[in-house]
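Just so it is clear, the values below take in all heavy atoms, side chains as well, and ignore hydrogens, waters and symmetry mates.
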Amino acid sequence: MGLPRGHGEVGADKKDRRTRLTVLVALGANLLIAAAQAGAGVVAGSPALLSEAAHSVADSLNEVFLLAALRRSRRPADRRHPFGYGKERYFWSLLAAVGIFVMGGCFSFAQGVEALHSHQQESTAGYVAGLSVLGVALAAEGGSLLRALYQVRGQSGGIGSDPALRTVVAEDGTAVLGVLLAGAGMALHMVTGWVVWEASASIAIGLLLVYVAYRLGKDARDQPIGEAVDPELRDRIRALLDEQPEIDNVASLLTMRLGLDSTLVAARIDLRPGLDSEEIELVSERIKAAVAKAWPEADQVFLDITEAPPSLHPAQDTPT
């Protein structure tokens, strides 16, 4: 039987509110930047600027995914989902990684390749305005990144503990690098008259986005299908079980992350002989409470009481 849910819910809700604010800041910045970059990119005919506009649009859509993840992952457990909806956060974060790859990376790469194969003389008229837009974008993306890093600094578990926050940090960090690449490509195009610099910047932005999408997708892939806790934490849980005087042997221990603040612990244990059914029930509840007290996120603890072969019981090893 599992323990009731609700351990640490107040702290989790507070963290979610901070993460939601971080995502909203990033969303507002990206929407503003996308509109400015798209307009300037069309006027200037700059492939690098259009690549950054596509990047900002992709980031904006991904922030919508992350807001959905924050809202849906906190729904209470029901009959169809008895362990809750915590894995929704991992699912939507995976969709955000796909969005970065498809909308940002592929479009940027295509813009660069098209510019390289263009035989028309590329004009740099309007590039000063375009570079000014990139300067504003750099300030906005940098501010959003600082906000996300500030939250990471004050959060237990660091950046890896929350996939939504990890995605925002990755997006904002990539956006800052992308703006710098686009600005360098446009400036070199203006100075040399060679469009190859700007086309290369677009391709570099595309490759950067593909790489970030791959890393985010790789991190999010294992979690929706059932990822165990860290080996160190698993060893500590097993050590706590081994320390219980009523437990003779821990036959197996299985763990799985159910969400950001929810973990399933299932152990097959052999109790010392001589306990009656009432004592077994009391011991089981005490052990589950001890695990939950040590690790509040272990809100689903199940103990399977097994009977080891007689030869394994120390009290029965000596012949009578």
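With rounding to the nearest 0.5 Å, the separation of CE in Met190 from CG in Leu131 is 6.0 Å. Distance OG/Ser144 to CD/Glu171: 9.0 Å, rounded to 0.5 Å. Separation of atoms CZ (Arg236) and CG (Leu241) is listed at 13.0 Å; rounding is to 0.5 Å. Annotation: the span from Thr22 atom OG1 to Leu149 atom CG amounts to 10.0 Å, rounded to 0.5 Å. Between the CG atom of Leu303 and the NZ atom of Lys288 there is a distance of 6.0 Å, given to the nearest 0.5 Å.
Contacts classified as side-chain hydrogen bond (donor to acceptor under 3.5 Å, both in side chains) and involving residues 175-188 (residues at least two apart or in different chains) are not found.
Nearest heavy atom pair, residue Leu138 against residue Val176, reads CD1-CG1, 3.8 Å.
In this structure a side-chain-to-backbone donor-acceptor pair under 3.5 Å is present from Arg234 to Leu253. Between the Asp230 side chain and the Glu232 main chain, no donor and acceptor come within less than 3.5 Å of each other. Between the side chain of Arg215 and the backbone N or O of Val212 there is no donor-acceptor pair closer than 3.5 Å. Ser202 contributes no side-chain N or O that, together with a main-chain N or O of Phe109, makes up a donor-acceptor pair within less than 3.5 Å. Distance alone, capped at 3.5 Å, places no donor-acceptor pair between the Glu281 side chain and the Ser277 backbone.
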- Applying salt bridge (charged side-chain N to carboxylate O under 4.0 Å, His left out), run through Arg74 and Asp261 and close with a yes or a no. CA-CA 10 Å; Arg74 289 298 177 189; Asp261 301 295; 2.8 Å; yes
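At a threshold of 4.5 Å between non-hydrogen side-chain atoms, the residues Lys87 and His81 do not count as touching. Contact check for Val136 versus Gln37: no side-chain heavy atoms found under the 4.5 Å cut-off.
Of the residues listed (Trp92, Tyr85, Tyr90), the one engaging Glu88 in a side-chain hydrogen bond (donor to acceptor under 3.5 Å, both in side chains) is Trp92, and it is the only one. For the side-chain contact (heavy atoms from CB on, under 4.5 Å) with His55, the qualifying choice from Leu208, Val179, Thr174 is Thr174, the only one to do so.
Ring geometry for Phe302 against Phe83 counts as perpendicular: the plane angle is over 60°, on a 0 to 90° scale with 30° as the lower cut.
Leu21 is not connected to Val23 by any chain of hydrophobic side-chain contacts under 4.5 Å among Ile, Leu, Val, Met, Phe, Trp and Tyr, and they are in different clusters.
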